[in-house]
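Comments concern the structure below.
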Amino acid sequence: MLKLYNTIGREITEFKPIEDGKVSIYCCGPTVYNFAHIGNLRTYFFEDILVKTLKLNGFNIKHCMNITDVGHLTDDGDDGEDKMIKASREKGMDVYDIAKFFEKAFFEDTQKLNILKPNIICQATKHIGDMIKLVKGLEEKGFTYISNGNVYFNTTKFQDYGLMAGLDKQDLNFGTSTELDEAKQNPQDFVLWFTNSKFENQAMQWNSPWGKGYPGWHLECSAMSLKYLGDHFDIHCGGVDHVNIHHTNEIAQTEAYTGKKWVNRWLHGEFLVNKTGKMSKSKDGFLTLNTLIDKGYKALDYRYFLLGAHYRSQLTFSWEALDAGKSALKGIRSRVQSLMKESEVFNINKISDKAAKYKTDFENHINDDLNTPRCLADLWDLLKDKEVSSGEKLAVIEYMDKILSLDLLVAEKELCTDPELLALLDKRNIARGNKDYKSADEIRAQLLTKGWIIKDSPTGSSLERV
RNA sequence: GGCGCUGUACCCAAGUGGUAAGGGAGUAGUCUGCAAAACUAUCAUUCACCGGUUCAAAUCCGGUCGGCGCCUCCA
C-alpha cells in the first residue's frame, strides 16, 4: 500500500488515484533564466523518486512539467546575475534564446542525475492564449478587477482562499520586506495580467483584451495543467516555498474558474540548506551540478547524497557530507562489481524467501512516504547478508535501482583491452615476481602517464582508467 | 511578529511508546614489495535542556533555549 503525505490536511494517507491504474501529476518546473543550483535540483530529484515509486506500484503516469520562460529576463536589479546571461546578451542572443539555453542546460543536469524526463513539457510562452482564456473566464465570473492598468484576482471573492497553507492562522507581515502594491484592494490579491509592468523594459509582451502585456506568474501552472491534465487530477508538487503564495494562488484562480476541486494531493519537497541557510543565487555558495563535477564528483554521488535524507526534511549540504555519499556509492559499486564477477543476475521472480524479504522491505519503505534513507539501509543490509547468493543479490539490487537510479549494475570502470598495454602490465608483474620493484614501479608510472592505473587484487592485476 | 519545520555520535541521517537503522570519518586487525582496493571487528546506557503522563518516552503533553523556512522572485 502506497502512503503519501498531503500538504492539504498535513497528513500521510493512502494514495488512491482518481482513475484506476492511472496517475496524473503536475510538477512546477524551472525558471530558465539561470542555471539550476543543486538545491533546485533536489526538488526534481524528489519528484523523480515519486514518479518512479508510482510506476513501481503499477500506475500509468501522465507527468507534466512547465518551463517558466516568461518574465524575469530584463530584471537587471538582480545582483546574482549569471555571467552566462551577460555573455549571451553580449553575443546578441534574445530572451527566447536565453530561455532555450537554460532549458537545455536544465535537462542536461537532470539527465546526469538519472531523473526521468516528464512526458509532457510545456513552455509558458507557448500557452499565452490558454492563460488569457482563464483570465477571461475569471473576469466573467466576477473574481477580478482592473487597477492601475493590471488585472487582479480578488482573493476575498474566493471562499477557501489559503486553506491548504493555513493562512487564516497566520498573522502575515504584509509589506515589511517589499513595498505594498497600492493598486491592490486586498494585500493578498495578485496580478493575473500586467499591462503596466514594474520592469520598464519587459522583453516579452503579448496582446490581450486588457492591452499589451504579460501574464502574472501563477497563471501558467493553472492554465497548462488544466489543458494537459484536466480540471481534476491526482498530484501537484513543487518546493515548500510555493505553499503560501504560488500554490495558494493557483488553487484560488483555478477552482474559482472551474467551480470545483482541482488537485487531490499536494507534495512539497524541502530545501537543501547551507550552514548559513538556504541556497540562493544571490548568496555565496550557489553551487551547480557542474561545479560539483568540476570538483571531481560524479552526478550520481550527489544523487546518493540526496537519497540519504527524507524529502520533507531540510538537508544540510557540506563537502564532507557529499564526500560521505561519494565513498558510500563507491563501496556499493565495488561490492556489486564483485557480485557480477561471481554470478549472473537471477530472475527476480525465482529468488529465495530470504532474498525476497529485502525486496519487500524495500517496497514497504519506499511506499511509506518515500523513505529513501531506509531504502539505502535495505540495500546495505542485503549487500552484507552472507546467506543470500550473489545472483539473488543482483536481482534485488537491479530491482531497487529502478528507484535509486544509481546505475548500480553498470560497470563503471573502463577496463583496458589494449594488447600492447596489457603486455606492459605482464612485464611489470614478471618484474614484480622477480622482486625487481624498480622496473615494476617504472612501468606503473609509464602506464599512469597513458591514463591507466594498476589495480592489484588476489585474483590478479588489471588496468583501470584514471 | 505570525505560521510551519526542526534539534539524534566527529559529519550526514532514519526512527511506527517497547528499550537507538544505514552511510562516511576514526580506531584495531587481515591482506600487501610498494600503491590502491577489499575484508573483519569496533564505534550513542543515550536522543538540546527542564518538568509531566505511562509498567515503558528519542517518540505523547507543557515549558525553556537554539537552528532553518515562509510571509518578496524563489526549488
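Letters A, B, ... mirror the listed sequences (proteins, then strands); counts begin at 1. Values in this document were obtained by computation on a predicted structure and should not be read as measured data.
Distance noted for atom P between B/A37 and B/A75: 39 Å (whole Å). Look at the C1' atom in both B/A41 and B/G18: the space between them is 29 Å, to the nearest Å. Using atom P as the reference point in both B/U46 and B/U54, the two lie 24 Å apart (nearest Å). Spacing between B/C60 and B/U8 at atom P, rounded to whole Å, works out to 16 Å. For the P atom pair drawn from B/A13 and B/G4, the interatomic distance equals 23 Å after rounding to whole Å. Comparing B/C31 with B/G17, their C1' atoms sit 47 Å apart, to the nearest whole Å. Nucleotides B/U19 and B/C47, compared at atom C1', are 13 Å apart to the nearest Å. Spacing of P atoms, B/C49 relative to B/A57, comes out at 15 Å, to the nearest Å.
The pair A/Arg303-A/Asp48 counts as a salt bridge, with a side-chain nitrogen and a carboxylate oxygen less than 4.0 angstrom apart. Remark: A/Arg432 does not engage A/Asp436 in a salt bridge, criterion side-chain N to carboxylate O under 4.0 Å.
In this structure, the CG atom of A/Leu272 is 21 Å from the P atom of B/C5, given to the nearest Å. Nucleotide B/G69 holds its C1' atom 14 Å from the NE2 atom of A/His242, rounded to whole Å. As a whole-Å value, the separation of A/Gln337 CD from B/A37 P is 16 Å. What separates CZ of A/Arg428 from P of B/A35 is a distance of 13 Å, to the nearest Å. If you take CD1 of A/Ile454 and C1' of B/G33, they are 13 Å apart, rounded to a whole angstrom. Between the NZ atom of A/Lys341 and the P atom of B/A37 there is a distance of 15 Å, rounded to whole Å. Rounded to whole Å, atom P of B/G23 lies 10 Å from atom CG of A/Leu383. If you take CE of A/Met164 and C1' of B/G4, they are 13 Å apart, rounded to a whole angstrom.
Among the atoms of the strands shown, none is found under 4.0 Å from any heavy atom of A/Lys435. As judged by a 4.0 angstrom heavy-atom cut-off over every strand, A/His246 is placed among residues making no nucleic acid contact. Here A/Tyr44 lies in heavy-atom contact (under 4.0 Å) with sugar-phosphate atoms only.
Nearest nucleotide to the A/Ser327 side chain, out of B/A25, B/G2, B/C34: B/A25. Out of B/G69, B/G2, B/G24, the shortest distance to the side chain of A/Ala328 is found at B/G24. The side chain of A/Glu320 sits closest to B/G24 out of B/A75, B/G24, B/C3. Between B/A75, B/G33, B/G4, one nucleotide has an atom nearer to the side chain of A/Met279 than all others, and that is B/A75.
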Counting only pairs under 3.5 Å, give me each side-chain donor-acceptor contact of residues 423-431 of chain A, with atom names and distances, residues two or more places apart or in other chains.
unit_1: A/Arg428; atom_1: NH1; unit_2: A/Asp456; atom_2: OD1; d: 3.0
unit_1: A/Arg428; atom_1: NH2; unit_2: A/Asp456; atom_2: OD2; d: 3.0
unit_1: A/Asn429; atom_1: ND2; unit_2: A/Ser461; atom_2: OG; d: 3.3

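Other residues, nucleotides and ligands contribute over 12 non-hydrogen atoms within 6.0 Å of the CD atom of A/Glu14.
Contact check, A/Arg432 against B/U32: no side-chain N or O comes under 4.0 Å of OP1 or OP2. Applying the 4.0 Å criterion to OP1 and OP2 of B/A75, one finds that A/Asn40 has a side-chain N or O inside that range. Proximity of A/Lys278 to the phosphate of B/C70: a side-chain N or O atom is located under 4.0 Å from OP1 or OP2.
The ring-ring contact (aromatic ring centres under 6.0 Å, His included) with A/Tyr297 is formed by just one residue from the set A/Tyr302, A/Phe305, A/Trp319, A/Tyr304; it is A/Trp319. Each of A/Cys237, A/Cys27, A/Pro30 was evaluated against A/Tyr44; a single residue qualifies, A/Pro30, per the side chain to side chain contact (heavy atoms under 4.5 Å, CB included) test.
Residues A/Leu267 and A/Tyr311 have side chains in contact (heavy-atom distance under 4.5 Å, counting atoms from C-beta outward).
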- Query: Going 5' to 3' along nucleotides 12-22 of chain B, which nucleotides have protein heavy atoms under 4.0 Å from the base (write B), which only from the sugar-phosphate (write S), and which from neither (write -)?
  - Reply: SSSS-----BS

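Nucleotide B/C60 forms a Watson-Crick or G-U wobble pair with B/G52, both donor-acceptor distances falling under 3.5 Å. In this structure, B/C39 forms a base pair with B/G29, meeting either the Watson-Crick or the G-U wobble geometry with both donor-acceptor distances under 3.5 Å. Base pairing analysis places B/C65 opposite B/G7; the two distances defining the Watson-Crick or G-U wobble pair are each below 3.5 Å. Across all strands shown, B/G2 is found opposite B/C70 as a Watson-Crick or G-U wobble partner, with both distances under 3.5 Å.
When all heavy atoms are compared, the tightest approach of A/Lys393 to A/Val388 is CE-O, 3.4 Å. Smallest separation of non-hydrogen atoms from A/Tyr152 and A/Lys184: CE2-CG, 3.5 Å.
Taking for each of A/Gly325 and A/Gln170 the nucleotide of RNA chain B with the nearest heavy atom, the 5'-most of the two is the partner of A/Gln170. In this structure, A/Tyr437 and A/Asp171 both approach RNA chain B, and ranking their closest nucleotides by distance from the 5' end singles out A/Asp171.
Note: A/His247 and A/His268 meet the aromatic proximity criterion, with ring centroids under 6.0 Å apart.
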